[in-house]
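I have placed the structure first, in the form of structure tokens, so that the comments after it can refer back to it.
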Amino acid sequence: MGGVDEDWGRVDDHLARALLPADEVLEQVLAENRAAGLPSIDVSPLQGAFLTLLARITGARRVLEIGTLGGYSTIHLARGLAAGGRVVTCEFEPRHAEVARRNVERAGLAGVVDVRVGAALQTLPQLEQEGLGPFDLVFIDADKGGYPQYLEWALRLTRPGSVVVGDNVVRRGRVADPAVTDPAVTGVRTFLDAVGAHPRLRATALQTVGAKGWDGFAIAVVD
Ligand code: SAH
Ligand code: DHB
Ligand code: MG
């Protein structure tokens, strides 16, 4: 037990086998993503189950996701929705969105998931204009440089009691290394500082290790 990536992966497999039901739909989604050449940067199965639980725990009926990829996290969020609930998910790459729509359909969730193609900063004002908020749960997982602006939009599109989650806030510890000036990392750093400083947010972050290495989620509730 050296605490290295391969141990984390092995323990993730053990936990997933112990806790998660076998799920052919989710396996098929990952196979479709691979076949379409999408990067395998979806949440892990255990992290996905965490998103389902969060949706359930919060009783979410309106969920907003920023960064769909092939819809793996989207399907997990949708599975946790209360009756009559919907997920709106924003994806920049038409190719990713197309794969996601197919996957969502295969998961039997086409009626509750709305995939919006375009840069999230274009789509989010449209969602506001359409009156689709307030969202109960927001999952931020698109381009990391955009996180500070996605936080602003999350605040505009939520209500007191809503929950905002940011993925990938640790990035193998790079977030805490001042020598790293990659915008993907500085974006997350600025996001974390903005969450911490915001008078309407109470937040924490949980570091995670597992199939995807060392990373973490930030979780905030809107006051
Ligand atoms: N949430 C997914 C993973 C998302 S990966 C899952 O866990 O299954 C990040 C996605 O954000 C990629 O598909 C990328 O194309 C998309 N993205 C990047 N920039 C974006 C932008 N400006 N607006 C919307 N989506 C964007
Ligand atoms: C990576 C992981 C993610 O969850 C993501 O949203 C973007 C990139 C990565 O491992 O590179
Ligand atoms: Mg992510």
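Positions are given from 1 along the sequence. In what follows, every heavy atom counts, from backbone to side chain, and hydrogens, waters and symmetry copies are set aside. Everything numeric in this text was worked out from a predicted model, so none of it was measured.
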What pairs with Arg79 under salt bridge (charged side-chain N to carboxylate O under 4.0 Å, His left out), at least two apart in sequence or on another chain?
Asp23

Nearest non-hydrogen partners of Val99 and Ala36, listed with the distance
CG2-CB, 3.7 Å

Over all heavy atoms of both residues, which pair between Val115 and Ala97 is shortest? Give the atoms and the distance, please.
CG1-CB, 3.8 Å

side-chain contact (heavy atoms from CB on, under 4.5 Å) with Val112: which residues, sequence neighbours excluded?
Ala78, Leu81, Leu109

Determine whether [X] and [Y] make a side-chain contact, defined as any pair of heavy atoms from C-beta on separated by less than 4.5 Å.
{"X": "Tyr72", "Y": "Ile41", "result": "no"}
{"X": "Pro134", "Y": "Arg62", "result": "yes"}
{"X": "Arg189", "Y": "Val180", "result": "yes"}

Would a line drawn from the ring center of Tyr150 to the ring center of Phe191 be shorter than 6.0 Å?
no

Is a side-chain donor-acceptor pair under 3.5 Å present for Gln28 with Glu32?
yes

Check this for me, if you would: do Arg116 and Glu65 make a salt bridge, where the nitrogen-to-carboxylate-oxygen distance has to be below 4.0 angstrom?
no

More than 12 heavy atoms of other residues, nucleotides or ligands under 6.0 Å from CZ of Arg159: is that the case?
yes

Could you give the distance from CD (Gln122) to CG (Leu127), rounded to the nearest 0.5 Å?
12.0 Å

Rounded distance [0.5 Å steps], CH2 in Trp214 versus CZ in Arg171
12.5 Å

Under the ring pair (Phe, Tyr, Trp, His ring centres under 6.0 Å) rule, collect the residues that match up with Phe139, sequence neighbours excluded.
none

Among Thr68, Asn33, Thr74, which residue meets the side-chain hydrogen bond (donor to acceptor under 3.5 Å, both in side chains) test with Asn103?
Asn33

